[in-house]
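One structure below.
A, B, ... follow the sequence lines: proteins, then strands. Residue 1 opens every chain. Please read all numbers here as calculations on a predicted model, not as lab measurements.
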Amino acid sequence: MSEAEIKNLEEQFEAKIAADEKIEPKDWMPEKYRKTHIRQISQHAHSEIVGMLPEGNWITRAPSLRRKVALLAKVQDEAGHGLYLYSACETLGISREQMYEDLHSGKAKYSSIFNYPTLTWADIGAIGWLVDGAAIINQVPLCNTSFGPYARAMVRVCKEESFHQRQGYEIMLSLCNGTEEQKQMAQDALDRWWWPSLMMLGPTDAASTHTEQSMKWKLKRKTNDELRQQFVDQTVPQADILGLTIPDPELKWNEETGHYDFGEIDWDEFWQVVKGHGPMNKKRLEDRKNAWENGAWVREAATAYARKQNDRKSKSA
Amino acid sequence: MKPIKELNPTFLTQEENKEHLINYLLETADNYLILGQRLGELCGHGPNLEPDIAITNISLDLLGQVRSFYQYIAQLKANQTTEDDIAFLRKEREYKNVLLVEQPNTDFGYVIVRQYFFDVYNRMFLNALQQSADETLRSLAFKGIKEAAYHERFSGDWLKRLGDGTEESHHRVQQAVDDLWIYTDELFHSTASSKAMMEAGVAPDMLQLREYYYEKVEQLLETATLKVPEVEYFQKGGKKGMHSEYMGRILAEMQYMQRTYPNSRW
């Protein structure tokens, strides 16, 4: 292709994005756009399936049948989200196997929040309330993102996430209306999940390397700091209803700005976990790798069987 | 479907009959509970996303059935007992599930074989139960039969893939068949309660279906290029509350919250 032709394609591409039209897998796109989307969508898909592990940790110990069924269904939804996100990503020319390999080698990332352990049942409530709450704030704008398959997957994901968030909040509400021990369990979970949830919305704008380009492609509509503020403003009144205290002595309502002011995030901890040294990084990756490696013979069997069936069909035809 | 015979309206007013019915419901639903619990252990650890989702689905179906059965028991007891009391607050010897369902998730082959052995039974059972003299059981059977048919298709398809897949999968799944075969016979054992329910037309006579069960299972094993094990002795005991050593650990995990925080609402 000549330089002029490429330039022409680039212009058409930019015009489409500016007009809020969707980019579809067969459309021409700049290599950087493709790569950025593979990075983000696969990271998102990995977050869904690694995210199954901390919650899956409580399926066998859920305190009632109703909660057990709801938790199973929730974790299953996450597997479903993983499935459609992997499929969306595959349209960009990368295989699911390759994405798994990148996850297992540490090349691809997933949301750091899942590198924290789920220590009590209340963590299941806190994750639904806070982690899914922060995820929704991150994800709702993606329903209008420029890449068609991603935007469509996100519409489904967001619907289910908001159901999960209500479910998590309802677990917290039951605990807070329960015995003293249950209330303490809920407060302890909030104490442990609050700061990691704020960190979920990403580094500060000053330290965020991808923000500018992502805003241009509508992969992002608001900056990390704006989203974080939105999360705090939305969550504080919910904690009040529960009668729980947010573990931040600097948290207070600011009349002037119309927002809550809050304390400084421990960015050393953030980078420690992002770089792979959080409390559960090693275990989460090990679990994923084990599931994949122990399942190799099963996948091979399915492939071999399908091939035999095909051979039989073509012979009898 | 129409009931085989009408239930005498005074049947459940007699304590002894009610007791038998409750036991019979436990014999059925405890299988769903323990198998659902075992499958729940696998969530997030499947060989790929699709079977992971399917296995979670089966677990969800089984636990859904458990809730309906235990709610029915709670209603019969009419003494403030809840579905959770029944699920979580019995002692090990009071659970009446068969030994098959408590066997561990040794590998995906064991998971599939355990499931298939149970699914074929469960589908035949629910099919027959649709003619129960008890109206609640009829409707529970009607609700469960479609799910059970799907479960059997899933596990049967995988059994064929694993048996007739690679050399490795063939060996692995044959091992699972050999190890789990000895637990199949117990599915058809009757108890004092199941006999009483059979006489009243509430329970189907599963012994009559035993031959058909083995015919069906053996046929699929053959299609899957697997050998039917020849065994002299089968294992039993679960229906009488004599379980394997696995059971205590399953319960320790499952009952943990209810035992640690008694009298709490969740």
Can you tell me how far apart CH2 (A:W121) and CE (A:M185) are? Round to the nearest 0.5 Å. 10.5 Å
Which one wins on heavy-atom pair count under 4.5 Å against chain A: B:I112, B:D107, B:N263? B:D107
Region of B:N57 in contact with chain A, defined by heavy-atom distances below 4.5 Å: both
Picking from A:Q309, A:Q182, A:E170, A:R307, which has the most non-hydrogen pairs under 4.5 angstrom with chain B? A:Q182
Give, as side chain, backbone, both or neither, the part of B:L42 having an atom under 4.5 angstrom from any heavy atom of chain A. neither
What option among A:A301, A:G56, A:A306 has the most heavy-atom pairs under 4.5 Å with chain B? A:A301
Under 4.5 Å from a heavy atom of chain B, the part of A:R299 involved: side chain
Could you point out which residue of A:L53, A:V50, A:L103 forms a side-chain contact (heavy atoms from CB on, under 4.5 Å) with A:L285? A:L103
Please rank A:E300, A:R288, A:R66 by heavy-atom pairs under 4.5 Å with chain B and give me the top one. A:R66
If you count heavy-atom pairs under 4.5 Å between each of B:E41, B:E167, B:H170, B:K160 and chain A, which one has the most? B:K160
Just checking B:Q219: does its CD atom have more than 12 heavy atoms from other residues, nucleotides or ligands closer to it than 6.0 angstrom? no
Rounded distance (nearest 0.5 Å) linking atom CE of A:M99 with atom CD1 of A:I49: 10.0 Å
For chain A, find which of B:R265, B:M254, B:R67, B:H45 contributes the most heavy-atom pairs closer than 4.5 angstrom. B:R67
Approximate separation, where rounding is to 0.5 Å, of B:Q174 CD and B:H171 NE2: 9.0 Å
Please classify the contact between B:R172 and chain A as side chain, backbone, both or neither, with a heavy-atom cut-off of under 4.5 Å. side chain
So which atom in B:D84 and which in A:L65 form the shortest heavy-atom distance, rounded to 0.1 Å? OD1-N, 2.9 Å
Stacked cation flag B:R153 on B:W158, 6.0 angstrom / 45 deg: no
Out of B:L60, B:I250, B:D52, which one racks up the most heavy-atom pairs below 4.5 Å with chain A? B:L60
Which atom of A:A79 lies closest to which atom of B:I53, heavy atoms considered: CB-CG1, 3.5 Å
Greater than 12 external heavy atoms within 6.0 Å of B:K227's NZ: no
Turns out that what part of B:F108 lies under 4.5 Å from chain A's heavy atoms comes down to both
Pick one of side chain, backbone, both or neither for B:Q258, based on which atoms fall under 4.5 Å of a heavy atom in chain A. side chain
Classify the ring geometry between A:H104 and A:Y100 as parallel (under 30°), tilted (30 to 60°) or perpendicular (over 60°). parallel
In terms of heavy-atom pairs under 4.5 Å with chain B, the winner among A:V298, A:N290, A:L71 is A:V298
Report which part of A:T60 has an atom under 4.5 Å of a heavy atom belonging to chain B: side chain, backbone, both, or neither. both
If the plane angle is over 60° it's perpendicular, under 30° parallel, otherwise tilted; pick one for A:W58 and B:Y256. tilted
Chain A contact via B:D164 - side chain, backbone, both or neither, heavy atoms under 4.5 Å: both
If you count heavy-atom pairs under 4.5 Å with chain A, which of B:Q255, B:E168, B:R38, B:Q37 comes out on top? B:Q37
Heavy atoms only, distances under 4.5 angstrom: which of A:E293, A:E78, A:R67 has the most pairs with chain B? Name it, please. A:R67
